Amino acid sequence: MTSTNPSTDALSLIDVDHVRFFVGNAKQAAFFYAMTFGFRIHQVADLTSGNRDRARYLLTQGNIRFILETPLDKTDPAADEIRRFGDGVKDVAFTVEDAQAAWKQAIANGGKSAYEPLTISDEHGSVTTAGIQTYGRAVHSFVSRTGAYAIDRVKQGSMFEPGYRPIDDLALNDYNEANPCGLMFVDHCVGNVEEGRMNEWVQWYEDVMGFAMFKHFDDADISTEHSALMSKVMASGNNLIKMPINEPADGLKKSQIQEYLEWHDMTAGVQHLALRSNDALGSVGELRRRGVDFLCIPETYYETVWNRVEKTLAQHGQEAIKEDYDRIKDLGILVDADDEGYLLQLFTMPLQDRPTLFFEIICRRGSQSFGKGNFKALFEALELEQDRRGNL
Ligand code: FE2
């Protein structure tokens, strides 16, 4: 299926420019993500660099760029959002050729502006950003860059935008360089929307962004005995990013999507970011060593998984799993397979006190899907945790 909207040329996405989080204390959050996930605390824009409205930390790893942002003034609307939602993702930003043109096109396609085009520049170059509103509290910024701020330069370590200063001489950065976690880029970004609104947002991504339903995935009714959800995967034209959208479905007990919404002021938002690794065992091993808490996978999962995955791979003439089975099990990693190969994945516990945002570590060996075969096992594990929090 392809986009029905021809007016999306200006919206051709070059890269995931960055993911921006609203957090209560950017300085401290920076150290959490650096220590646990191995990010480099790369640059900062705060009072010390002349920024008096918000503090922003740029964290980098591979082609992942996070901005951790904290308002410095109580009247800043971001302060209100943090009170309502806790820490979480505000913005999934895309690099484009011309941010203003992309923003105009998205609005012409039926999108709603989140903020108007804004250019900041200095003698080294310029960065233009403009935002549109997506589900709930989330926005998509379009970012176009020139000179020293061009995305290729930024990837090589150049300054992110005017107003930032580099962070040098940080022992933690040296430590992370010597002990890499191997996270390469944002593989997908999942949103939770309110019950009954998934198809509306699927349509929105088609109409406004020119995304299309990802061909490897169709409507799936994913349910356990107790709770359920519906999920559809939208992908950008060049498959640069996939954005699955979940809505809660009725179950005997509370859906995990419903739990998210209830702790997120009944407002849609980003549920998880999947970060790609090419070495699941290495990455998860290092992350565990650093104290990342992952979902506990029930022992019983490994009694059936090998048969299920091997059978699927053999059926489609795909190569067998090359990772050591015992190490996969010891590290508590999930495995799934489809007609194109297999994948290894694992989900962290919530990254903040509220059970909202979490990360997924994903390693693809041919498979382009999302671990559908793991949903049942995953939900059973999630429900165990939900029960422990008294939210089931
Ligand atoms: Fe995922």
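Hydrogens, waters and symmetry mates play no part in the numbers below; they use all other heavy atoms, side chains included. Computed from a predicted model, the values in this text were never measured in an experiment. Just follow the structure's listing: the first ligand is 1, and inside any ligand the first atom is 1.
Ordered by chain and number, His188 NE2, His272 NE2, Glu360 OE1 make up the set of protein N, O or S atoms under 2.8 Å of the Fe ion (ligand 1).
Put simply, the side chain of Met243 reaches to within 4.5 Å of the side chain of Tyr135, judged on heavy atoms. Looking at Pro248 and Leu261, their side chains come closer than 4.5 Å, going by heavy atoms from C-beta outward. Within the 4.5 Å cutoff, side-chain heavy atoms of Val270 are placed close to those of Cys189.
With Phe66 as reference, Phe359 is the one residue of Phe37, Phe359, Phe160, Tyr57 to meet the ring pair (Phe, Tyr, Trp, His ring centres under 6.0 Å) rule.
Between Tyr302 and Trp306, the angle of the ring planes lies from 30° to 60°, which puts this pair in the tilted group.
Taking the six-membered ring for Trp, His316 and Tyr342 have ring centres at least 6.0 Å apart.
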